[in-house]
Amino acid sequence: MPEIASYGTWTSPISAADAAAAGGGVQWVDTVGGVLWWAEARPGEGGRVALVRAGEEVLPAPWNARNRVHEYGGRPWLAIGGRLVFTHWDDQRVYVRDLTSGKVTPITAEPAVPHGVRFGDLRPGPRGTVWAVRETSVGSRRADVSRDLVELSLGGAAPRSLAASHHFLTAPQLSPDGAHAAWLGWDHPAMPWDGTELCVAPLLEDGSLGTPEVIAGGAAVAVCQLEWESATSLLALLDPGGWWNLHRIGLDGSSVNLAPVTEEIGGALWKLGSRWFTPLGDGKYAVIASGRLAVLDETTGTLSWLAPELTQWDAALAAYNGGIAGVAAGPHRESALVHVTATVTDLTAQPADMPSHEYLPVPAERVFDTPDGPVPAYVYLPSNPDFSAPDGEAPPFMIHVHGGPTGRAYPTLDLEIAYFTSRGIGVAVVNYGGSTGYGRRYRERLREQWGLVDIQDCVAVAEALVAEGLADPARLAIRGGSAGGFTSAAAMTTVRTFSAATIKYPILDLYTWTADGGETHDFESRYLDGLIGPLPETEPRYRQRSPINNADELAGPVLFLQGLEDQICPPEQADRFVASLGGRGVRHAYLTFEGEQHGFRKAETIIAALEAELSFYGQVFGFETPGVRVLDLRS
């Protein structure tokens with residue numbers, strides 16, 4: 001018989017170390033000569049990214065295949081002619097590893113300023129060269145950042161600049177006949193999901209590029225992926241009808257939607273080199289539509305869904321061995337590399353010692369009504385076969401706010417969530433207005449409304465769970481990182497629904513984050529033009545919605561978690577907010593982590609953060625948290 005114990009006090013076989021071990025995983029999947037290659041993040045090695053070929057590591061420590069282009073990074077590797085070309089995190093240079101001898105040689109110079117030159121989105125160029133995006137920073141100001149498309153010689157000659165058509169560029173690709181190059185570009189203040197342009201230019205005899213021509217996209221049309229189909233046509237994902245669909249684009253600018261559907265075949269271009277579709281031949285294409293895998297048939301203009309039990313696919317599809325390979329997860333399984341034919345075959349293992357399914361919550365897909373329309377969310381109820389709660393007791397509940405805010409969550413098994421639910425704490429993950437996956441109209445619900453719509457939607461979900469008797473109204477928390485950290489902090493300073501918050505690597509002062517000379521990086525430095533409004537005319541709005549200016553209105557205790565090397569949401573913002581709490585009588589804690597950037601990658605950091613968060617809720621909501629070090633809360 002299950003033991004009767006209050007929610008939050010349940011003991012669980014799922015440890016923070018288990019959740020940390022499940023982090024990272026496979027990324028940047030591709031085939032080389034019919035063999036599957038991928039990158040692999042390893043939290044147990046300090047978050048190092050290794051490269052793997054058919055299960056065999058081909059880039060051993062200390063090499064770390066990451067880069068800092070846009071700070072979020074881009075495709076970091078390319079195999080060409082028996083050699084592996086990769087970007088190394090420590091110095092951001094490009095290296096070549098001979099796959100026979102193992103010798104590693106740099107092919108770009110050491111920058112004068114550490115990390116001052118970054119490369120990413122590596123692609124094959126003509127004559128055995130490599131094309132890439134180069135990002136150059138010559139000073140401390142955002143105005144000092146520039147980008148161009150470059151050609152890299154494997155012999156180590158200086159990079160050759162090919163194009164600088166826009167402030168931001170990605171996806172440089174050579175046509176099958178070697179006559180043209182294509183790429184995507186956009187300029188401030190647009191983000192790539194607002195409006196991008198597909199450019200084509202002739203490749204001249206000397207290897208340079210001629211004058212580019214824009215053949216698709218524009219100010220209100222976003223292109224998120226392109227691939228050459230033939231010498232005279234390209235395949236591209238763009239959204240002129242409000243949904244990212246697959247189009248055939250002619251060099252003359254003609255465009256045909258291969259399957260007009262109200263599905264988002266594509267996504268927000270946070271990482272350069274993302275791939276939501278791949279051709280399969282005979283007019284068929286593997287596509288990721290709103291997170292799920294399908295085959296698009298252009299002869300019928302329809303989608304056929306595959307592997308419906310897998311509800312989240314990373315944007316890294318590859319045609320492989322008569323089927324489709326990629327990184328996928330589902331409600332009953334963590335993320336893993338899989339091969340889909342008539343069946344699903346795991347190519348990498350699920351986490352070792354996975355707990356019994358009885359301890360793992362299954363997300364319920366819900367749609368909640370709000371005054372502004374329906375809001376999707378995934379609800380994870382407490383689950384532990386060894387315990388049940390006293391009659392009439394409702395559990396504490398966390399509203400999880402995803403980052404972005406132009407991002408989204410999926411209904412999948414997540415050991416970090418299971419860490420809490422197996423101890424009796426419910427979790428609801430909200431795809432608030434502004435999330436991707438629901439078309440441009442839903443995405444633009446957040447236009448100039450950030451700090452309003454996102455909070456309203458999270459509050460609506462929390463209040464609905466309380467009304468249904470699923471959540472204790474006195475024990476509601478909100479948590480999130482990055483943009484989710486902003487929403488969590490903003491909710492705690494503007495509404496009284498939540499009585500605690502975990503705020504990870506957040507934005508707290510909108511004005512100083514984005515104004516001229518501001519604290520964030522170039523890629524997102526004009527993001528708030530769309531989310532809040534253009535400066536200087538809407539400066540009062542920035543001030544009003546900034547949590548740091550409303551700290552005296554905090555509804556309850558807060559826990560801050562921050563990486564000290566974060567260039568996207570620098571620690572100065574959290575430093576200032578926490579300093580302002582001194583002597584105010586608000587219980588709070590602030591944990592910082594050396595060597596962590598935006599998001600946590602080291603196993604020891606993930607463990608410390610999860611255990612601190614559990615102790616935090618226990619102290620705030622009044623329950624014991626056995627086996628966890630007590631967090632020091634100050635007032």
Side-chain angles (χ1 to χ4, degrees), residues 6-9 16 394-401 416-417 419-420 423-428 430 451 454-455 458-459 461-463 465-466 471-482 484-509 546-562 569 571 573-593 600 608-626 628-635:
S6 292
Y7 288 114
T9 65
F397 235 91
M398 301 188 305
I399 299 298
H400 176 82
V401 191
E416 181 174 306
I417 290 176
Y419 176 77
F420 293 106
R423 288 168 168 78
I425 303 171
V427 180
V430 183
D454 46 329
I455 295 173
C458 289
V459 166
V461 171
E463 291 180 344
L465 293 172
V466 169
D472 183 345
R475 297 190 293 175
L476 293 175
I478 188 167
R479 73 188 296 261
S482 189
F486 163 78
T487 299
S488 299
M492 287 295 289
T493 54
T494 58
V495 298
R496 291 296 178 264
T497 304
F498 307 104
S499 50
T502 297
I503 302 166
K504 302 187 289 185
Y505 34 91
I507 304 166
L508 298 167
D509 186 332
S546 292
I548 201 165
N549 295 329
N550 302 312
D552 56 349
E553 298 295 329
L554 270 173
V558 287
L559 167 62
F560 285 90
L561 303 169
Q562 178 71 51
C569 295
Q573 296 227 338
D575 292 347
R576 287 190 284 127
F577 194 104
V578 172
S580 75
L581 298 181
R584 291 191 178 183
V586 177
R587 288 191 294 170
H588 64 276
Y590 182 32
L591 302 185
T592 59
F593 301 97
F600 300 148
L610 278 176
E611 292 184 345
E613 189 173 0
L614 179 61
S615 175
F616 172 68
Y617 297 138
Q619 294 182 64
V620 173
F621 294 144
F623 56 79
E624 298 294 326
T625 54
V628 173
R629 181 178 179 180
V630 176
L631 177 70
D632 181 19
L633 282 180
R634 301 179 180 181
S635 295

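We use all heavy atoms of the structure for the numbers below, so side chains are in, but hydrogens, waters and symmetry mates are not.
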* To do: Report the C-alpha separation of F420 and R479 in whole Å, then their side-chain angles, then the decisive distance to 0.1 Å, and conclude whether the side-chain contact (heavy atoms from CB on, under 4.5 Å) test is met.
  => CA-CA 13 Å; F420 293 106; R479 73 188 296 261; 4.1 Å; yes

Partner residues of [X] under the side chain to side chain donor-acceptor pair (under 3.5 Å) criterion, sequence neighbours left out:
X	answer
N550	none
R629	none
Q562	none

* Asked: Are F560 and T592 side-chain neighbours, meaning at least one heavy-atom pair lies under 4.5 Å?
  -> no

* **Side chains of F397 and V466 in contact at under 4.5 Å (non-hydrogen atoms)** =>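 Heavy-atom side-chain distance check fails, nothing below 4.5 Å.
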
Sequence neighbours excluded, which residues qualify as salt bridge (Lys or Arg N to Asp or Glu O under 4.0 Å) partners of [X]?
X	value
R423	none
D575	none
R634	D632

Please report the shortest heavy-atom distance between [X] and [Y], naming the atom on each side.
X	Y	answer
P396	G424	CD-O, 3.7 Å
F577	L554	CE2-CD1, 4.1 Å
A551	S580	CB-OG, 3.9 Å
Y419	L610	CE2-O, 3.7 Å
Q573	L508	OE1-N, 2.6 Å
Y590	A574	OH-CB, 3.5 Å

* Go through the structure and list residues passing ring-ring contact (aromatic ring centres under 6.0 Å, His included) with F600, not counting sequence neighbours. =>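 Y505, F593.
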
* Asked: Listed by chain and number, what are the ring-ring contact (aromatic ring centres under 6.0 Å, His included) partners of F616, not counting sequence neighbours?
  -> none

For residues 490-497, run the donor-acceptor check on the side chains, cut-off 3.5 Å, and write out each pair with its distance to 0.1 Å, sequence neighbours left out.
{"unit_1": "T493", "atom_1": "OG1", "unit_2": "A489", "atom_2": "O", "d": "3.0"}
{"unit_1": "T493", "atom_1": "OG1", "unit_2": "A490", "atom_2": "O", "d": "3.1"}
{"unit_1": "T494", "atom_1": "OG1", "unit_2": "A490", "atom_2": "O", "d": "2.6"}
{"unit_1": "R496", "atom_1": "NH1", "unit_2": "E553", "atom_2": "O", "d": "3.1"}
{"unit_1": "R496", "atom_1": "NH2", "unit_2": "E553", "atom_2": "O", "d": "2.8"}

* To do: Can you tell me which residue pairs pass the salt bridge (Lys or Arg N to Asp or Glu O under 4.0 Å) test with a partner in residues 581-591, sequence neighbours excluded?
  => none

Throw together a table of side-chain donor-acceptor distances under 3.5 angstrom for residues 618-626, partners on residues two or more places apart or in other chains.
{"unit_1": "Q619", "atom_1": "NE2", "unit_2": "S615", "atom_2": "OG", "d": "3.2"}
{"unit_1": "Q619", "atom_1": "NE2", "unit_2": "L631", "atom_2": "O", "d": "2.8"}

* Could you list the residues that satisfy side chain to side chain contact (heavy atoms under 4.5 Å, CB included) with S488, not counting sequence neighbours? => V401, I478, I503

